[in-house]
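Computed from a predicted model, the values in this text were never measured in an experiment. Counting starts at 1 for both ligands and their atoms, in listed order.
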Amino acid sequence: MSLKQPTQLPEWRALEEHFSSIRDQHLRNLFAEDARRGKNFVLEAEGLYFDYSKNRLTGDTINLLLALAEASGVKERTEAMFSGEKINSTEKRAVLHIALRAPRDAQIMVDGQNVVPEVHAVLDKMAAFSNRVISGEWKGYTGKRIRNVINIGIGGSDLGPVMAYEALRYYTHRDITCRFVSNVDGTDFVEATRGLDPEETLFIISSKTFTTIETMTNARSARDWSLKTLKDDKAVAKHFVAVSTNAAEVTKFGIDTANMFEFWDWVGGRYSYDSAIGLSLMIAIGPDHFREMLAGFHAMDEHFRAAPLERNLPALLALIGIWYNNFFGAQTVAILPYDHYLGRLPSYLQQLDMESNGKHVDLDGNTVNYQTGPIIWGQPGTNGQHAYYQLIHQGTKLIPCDFIGFNQTLNPLGRHHDLLMANFFAQTEALAFGKTAEEVKADGVEDSLVPHRVFEGNRPTNTILADRLTPETLGKLIALYEHKVFVQGTIWKINSFDQWGVELGKVLANRIIPELESPESPELTHDSSTNALIERYRQRRNPR
Ligand code: G6Q
């Protein structure tokens, strides 16, 4: 790969020049100049209505950004990804989460082999298993039906399943409870299993590598917890299944590979919840809804691959992000879903984006001299309005926001949905247009308070509206953000698909574990702070 870094492209310099003419423009003027702005700066694709008019940009900005995308090879690299090239160069792997939702008759080759039949074989195996659990045909060791499903996994093997389970809760069978254990803090396991009957509890051990210390520690505690009641090793076969790429480790743990659901090294952890990693979700919502979700993903994949850049939803979302990140110098992006079911979406997107694009060297290993991935954060509205929105409205930082909402609610209840959406629209309006000193004075506010009550406005937002939160819509939304991250990574010329920073975490603690567990271990040789902390912990960890 020897494409230029983006800052060396003439298209980048053109954007820098253009930026100086835009930076002081106010959204109030941009809207005043173009009465149709709210309709012109809109793109509708695959049932998602994307209004980007409340952004600090003009038609020229978009054209310059599109030229940057073109010069950065976004289209070519998209084809490379879709056709199974090993674009994850540091791990020498293809990047094919798009194959997880390809229809049965598609052909996607990796190393000369079509992977789509394997994908569907695993989906069919998951569906057969899920149906047995849902119907009660799959029984626990003592013959009781399964009422609790606990997914044990962390990072990409947890955040996706838990986000989607919460998002699609409306569609779940209410007679099976799903819980998710991720943290190595024993509290997570103890609280998740409190009050549950081991005879009715199925554990899904989800780990691509099956060596992650948190997951394996929780898995061993789960086995102890089950066997304390069930008292026979044979019970493991009825109460434990595995999702992994590592059959050898699964067998070593004592799970029969007949009860293992496979996925592949060309699926990154944070891109995996639509693989077998979503088994808990499939049990919760049923195979049909799971397949509807995959169809949603696939529809957005097709849109992304086929649509020209100027009508390409993930590309536009990505380019607008680059505009703020690299030209306005914004450090963060807030994800603000106005739907309670999407409560876990911000943390899911936080991993997707920050683990993918939190990189400081380019594909050739050169340090970058420009900003890469932003900090992603957020919570569902309206709750955030009563907390941190203050800083978005009146603080000193520029925080572009993605507002996500639905025209129809799944839970009609009096005026609730109208009130929710009134808040959604009012917030994006207030952020864009603010309130001038004259307007504040006209409200009769005393002079000394006027500066405090002024809202500058010019705070940019994207609005993403869909009709209804369905499994299909969720698939589209997630694929939208996956491809947004891909486009940005391509323009920044970084590898969005490795995660050496996360790998580091997996080994760091290993040196200290024996120092905590066997106090007679050799002299501590860390820095003076770490040594003192370890010593203090050793002295005081047992309550007197
Ligand atoms: C995701 C990351 C990371 C990973 C977890 C769990 O892209 O690589 O979050 O998913 O560390 O790894 P295992 O699935 O191997 O346990």
Looking only at protein heavy atoms, which one is nearest to atom 6 (C) of ligand 1, and how far off is it?
-> Ile154 O, 3.2 Å
Using 4.0 Å as the upper bound for N to carboxylate O, is an ion pair formed by Arg147 and Asp175?
-> no
In the protein, what heavy atom is nearest to atom 12 (O) of ligand 1, and what distance, to one decimal place, separates them?
-> Lys506 NZ, 3.3 Å
Does Thr215 reach ligand 1 with a nitrogen or oxygen that is under 3.5 Å from one of the ligand's nitrogen or oxygen atoms?
-> no
Considering only NZ, NE, NH1 and NH2 on the basic side and carboxylate oxygens on the acidic side, decide whether Glu517 and Arg541 come within less than 4.0 Å.
-> no
Is the shortest distance from a heavy atom of Gln351 to ligand 1 less than 4.0 Å?
-> yes
Using a strict 4.0 Å threshold on nitrogen-to-oxygen distance, state whether Asp498 and Lys359 make a salt bridge.
-> yes
Do Arg179 and Asp188 meet the salt-bridge criterion of a basic N to acidic O distance under 4.0 Å?
-> no
Carboxylate-amine/guanidinium contact Arg270 Glu355, below 4.0 Å = yes
Give yes or no for whether the N/O distance cutoff of 3.5 Å, strictly under, is met between Ser207 and ligand 1.
-> yes
Nearest neighbour in protein (non-hydrogen) for atom 2 (C) of ligand 1 = Glu355 OE2, 2.7 Å
the protein heavy atom lying closest to atom 15 (O) of ligand 1 turns out to be Thr209 OG1, 2.6 Å
Relative to ligand 1, is Arg270 under 4.0 angstrom through side chain, backbone, both or neither, heavy atoms considered?
-> both
If you measure every N/O of Thr212 against every N/O of ligand 1, is any gap under 3.5 Å?
-> yes
Please state which protein non-hydrogen atom is closest to atom 10 (O) of ligand 1 and give its distance, to 0.1 Å?
-> Gly156 N, 2.9 Å
For the ring pair Phe129 and Phe261, is the centre-to-centre distance below 6.0 Å?
-> yes
Determine, using ring centers only, whether Tyr271 and Phe297 are less than 6.0 Å apart.
-> no
